[in-house]
Amino acid sequence: MRRILVTSALPYANGSVHLGHLLEHIQTDIWVRFQRMRGHECIYVCADDTHGTATMLLAEQEGVGEEALIDRLHAEHLADFERFGISYNNYYSTHSDENQYFSNLIYTRLRDRGFVYTKDVEQLYDPERKMFLADRNVRGDCPRCGASNQPGDNCDSCGATYDARELKNPVSAISNATPILRNSDHYFVDLPKFTDFLREYIHNGSQQPEVANKLTEWIDGGLRGWDISRDAPYFGFPIPDADDKYFYVWMDAPIGYLASFKNWCTKNDVDFDEFWRADSTCEVHHFIGKDIINFHCLFWPSVLHHSDFRTPTKVHVHGMLTMNGEQMSKSRGTFVLASTYLDYFDPDYLRYYLAARLAPNSADLDLGSEDFVSRVNSDLVGKLVNIASRSEGFLAKHFDNTLASELAEPELWQEFVDEEERIAAWYEEGDTRRVVRRVMELADKCNQYLANKAPWQLIKDENRRDEVQGICSMGINLYRILIAYLKPIVPSLTQRSEEFLNAGDLTWENATQPLLSHRLNKFGRLLNRIELKTFNAMIEAGAQNTAVEDDSTSESESPHIEIDDFLNRASRGG
RNA sequence: GGCUACGUAGCUCAGCUGGUUAGAGCAUAGCAUUCAUAAUGCUAGGGUCGUUGGUUCAAGUCCAACCGUAGCUACCA
């Protein structure tokens, strides 16, 4: 039995769960459910990422304390994810004692080993709000093309990248005050010292090839020190032995994985160190989006390795979700919250669709409305569920819902059984696209078999009734093995099927044993078809739900962050 | 600008280390069927495999250039 710890990136506590988050958490959950189905120990933890300026400002805007804000969002996030069947063992928070403990521990270890240095940094400062301004919180004229009202790090108009200090006519996006330059000591992790370690680490099988490529690029370009401190006021953990300095949110965010797991270990009496000591033989898998590769594949393993923790076994990187070919964005009206989706569709539809498109790479994934509807209706209902539906009637009507005592077509059955190994390997790699394709090919094969045998003809002949039972029992058994193969992807459909099949929980092991002389439960509708207009209604509702927010931010004239930017970065990782 | 990935039928994609007339599903058309949630089965049309050049007995499959698309160019809560 393998011992596996799995994480999804930590959603940031400044907004609701949306389909972009779900892509990641569903992908993770499928992998986790597969591992558990195979009989491995698989602990899945996540948490809300709570610290930083954004939460601080949002709390202020809402007139509540940060802790009240993050508590509220934590409850919301967890409820949304749970309704999608995401099977965390623990969904915690980075604003926790455990997280502070590990942050301090890691920091002091790094510091004591000479991997931390301080440097004087000059930054824009908002004199009204008395706080330093991150690049994103400054707007001004582009130093190259002169376009007005550009963000502090790059120009949307001409694409130039620059330092916020170079902006002309800078304005604080928080208070509209004119920022001044001010100096402060910052704490840096000496990343360049980890160059050799990283060069080796990224080729140890922990990275997808295209990710390793990108990392090599960064490393070859020369690593720079990583600024891990922020000045007060800042919502976060104070840095030990420093005056009014706080850990930069991206420092303690990944540590949230440790904290969440530790919290779970305490409650379940599991040895944390078994998983995290440097020579652990357990596995650690992170699932993240490609936007946060640097944090998880450069900083995180470096920090872990140099503070006596093991490094991740594998980082699974996925691409971004687009809607009908466009970036998910509120202004384009292609933004759908998890809760909005649930007003219209069963989670299994989305889980199935995403699984049908996911491969072990970081390519972007498009959710196309017609494609979505067609795959659900053709594959799940028309092909798969249809097998059970068309077989069941005969058994119920003529055979007291009882399966034949032996397999009518052992070779056909064996063919389905023989796929087990390949399908498992695809799951393991994260190639659910192949899993789905193969299962649907088998479903086609099964429908062909039923069409050829035409039990609806045979039933008319009194002498051939036994054949009908045999054929339909094949149909049910084949349906059963196929739904078992898809169990990690469509848990609720599987559960309804298990009830109908009346033979307990499907496991990877028992799925390849046919049911013989077995009594089924009463058949109920397993899955409904969906309509394109429902999907369109959902998109429209999504646009309406979010239009309000757009207005409010533009009216205030001081959005702390462009709203679309928010979305792209809403799934950070912790 | 630099780097990376991708560009195969209307759509989503298979095509591994180069080797018979380029495949599947969906969509479309016709036929069959009616057990099944207007589901299923059979058949057909549809692609100069982004462009050009090269290596080779042989290239969608390797190389180069070009065109196009997307992304990255790390400290942003």
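Just the heavy atoms: all of them, side chains too, but no hydrogens, waters or symmetry mates, feed the values below.
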State whether [X] places a side-chain N or O below 4.0 Å from either non-bridging phosphate oxygen (OP1 or OP2) of [N].
X        : N     : value
A/Arg437 : B/A24 : no
A/Arg357 : B/C13 : yes
A/Gln457 : B/U34 : yes

Whom does [N] pair with, Watson-Crick or G-U wobble, provided both distances fall under 3.5 Å?
N     : value
B/A39 : none
B/C13 : B/G23
B/G47 : none
B/U56 : none
B/G71 : B/C3
B/U33 : none

Under 4.0 Å between any heavy atoms, over every strand shown, what does [X] touch: base, sugar-phosphate, or nothing? Just pick one.
X        : result
A/Leu223 : base
A/Arg230 : sugar-phosphate
A/Ile293 : nothing
A/Asp227 : base
A/Gly382 : sugar-phosphate
A/Leu526 : base
A/Gly222 : base
A/Leu527 : base
A/Gly221 : nothing

Whole angstroms only, please: what is the [atom1]-[atom2] distance between [X] and [N]?
X        : N     : atom1 : atom2 : result
A/Lys290 : B/A5  : NZ    : C1'   : 9 Å
A/Met323 : B/U12 : CE    : P     : 15 Å
A/Arg139 : B/C76 : CZ    : P     : 14 Å
A/Lys383 : B/A36 : NZ    : C1'   : 16 Å
A/Glu210 : B/A70 : CD    : C1'   : 14 Å
A/Leu10  : B/C76 : CG    : P     : 19 Å
A/Phe372 : B/A27 : CZ    : C1'   : 18 Å
A/Leu458 : B/U33 : CG    : P     : 16 Å

Provide the distance between the two [atom1] atoms, one in [N] and one in [M], to the nearest whole Å.
N     : M     : atom1 : result
B/A39 : B/C35 : C1'   : 10 Å
B/U20 : B/C66 : P     : 32 Å
B/A59 : B/A64 : C1'   : 15 Å
B/C16 : B/G23 : C1'   : 15 Å
B/U34 : B/C42 : C1'   : 15 Å
B/U28 : B/C11 : P     : 15 Å
B/G54 : B/A22 : C1'   : 23 Å
B/G60 : B/G19 : P     : 10 Å

Between [options], which one does the side chain of [X] approach most closely?
X        : options             : answer
A/Arg433 : B/C76, B/U4, B/C13  : B/C13
A/Val381 : B/C26, B/G71, B/U37 : B/U37
A/Asn213 : B/A5, B/U37, B/G71  : B/A5
A/Ala134 : B/C13, B/A5, B/C76  : B/C76
A/Asp364 : B/C72, B/A70, B/U37 : B/A70
A/Trp456 : B/A14, B/U34, B/U37 : B/U34

>> Using heavy-atom distances to pick each residue's nearest nucleotide on RNA chain B, tell me which of A/Lys460 and A/Phe299 is more 5'.
In response: A/Lys460
>> Let me spell it out: for each of A/Gly524 and A/Ala356, pick the nucleotide of RNA chain B with the closest heavy atom. Which residue's pick is nearer the 5' end?
In response: A/Ala356
Tabulated below should be each protein N or O lying under 3.5 Å from an N or O of nucleotides 41-47 of chain B; please produce it.
none

> Yes or no on side-chain contact (heavy atoms from CB on, under 4.5 Å) for A/Tyr201 and A/Phe194, after CA distance, side-chain angles and deciding distance?
Replying inline: CA-CA 10 Å; A/Tyr201 169 73; A/Phe194 305 148; over 6 Å; no
> Quick one: which of A/Asp231, A/Asp120, A/Thr118 gives a side-chain hydrogen bond (donor to acceptor under 3.5 Å, both in side chains) with A/Ser184?
Replying inline: A/Asp231
>> Whether A/Arg230 engages the ring of A/Tyr246 as a cation-pi pair (distance to the six-membered ring centre under 6.0 angstrom, angle to the ring normal within 45°) should be assessed.
In response: no
> Is it the case that A/Arg375 places NZ or CZ above or below the six-membered ring of A/Tyr349, under 6.0 angstrom from the centre and within 45 degrees of the axis?
Replying inline: no
> Do the non-hydrogen side-chain atoms of A/Met440 and A/Leu486 ever get within less than 4.5 Å of each other?
Replying inline: yes
> Does any N or O donor sit under 3.5 Å from an N or O acceptor when you compare the side chain of A/Asn386 with the base of B/A36?
Replying inline: yes
> What about the rings of A/His95 and A/Phe235, do their centers lie closer together than 6.0 Å?
Replying inline: yes
>> For A/Ser473, is there any backbone N or O sitting under 3.5 Å from a side-chain donor or acceptor partner on A/Asn477?
In response: yes
> Counting heavy atoms not belonging to A/Lys290, are there more than 12 under 6.0 Å from its NZ?
Replying inline: yes
> side-chain contact (heavy atoms from CB on, under 4.5 Å) with A/Asn213: which residues, sequence neighbours excluded?
Replying inline: none
> Checking side-chain contact (heavy atoms from CB on, under 4.5 Å) for the pair A/Phe115/A/Leu191: CA distance, chi angles, key distance, verdict?
Replying inline: CA-CA 8 Å; A/Phe115 294 127; A/Leu191 211 57; over 6 Å; no
> side-chain contact (heavy atoms from CB on, under 4.5 Å) between A/Lys522 and A/Phe500: does it pass, once the steps are laid out?
Replying inline: CA-CA 6 Å; A/Lys522 190 163 177 288; A/Phe500 158 64; over 6 Å; no
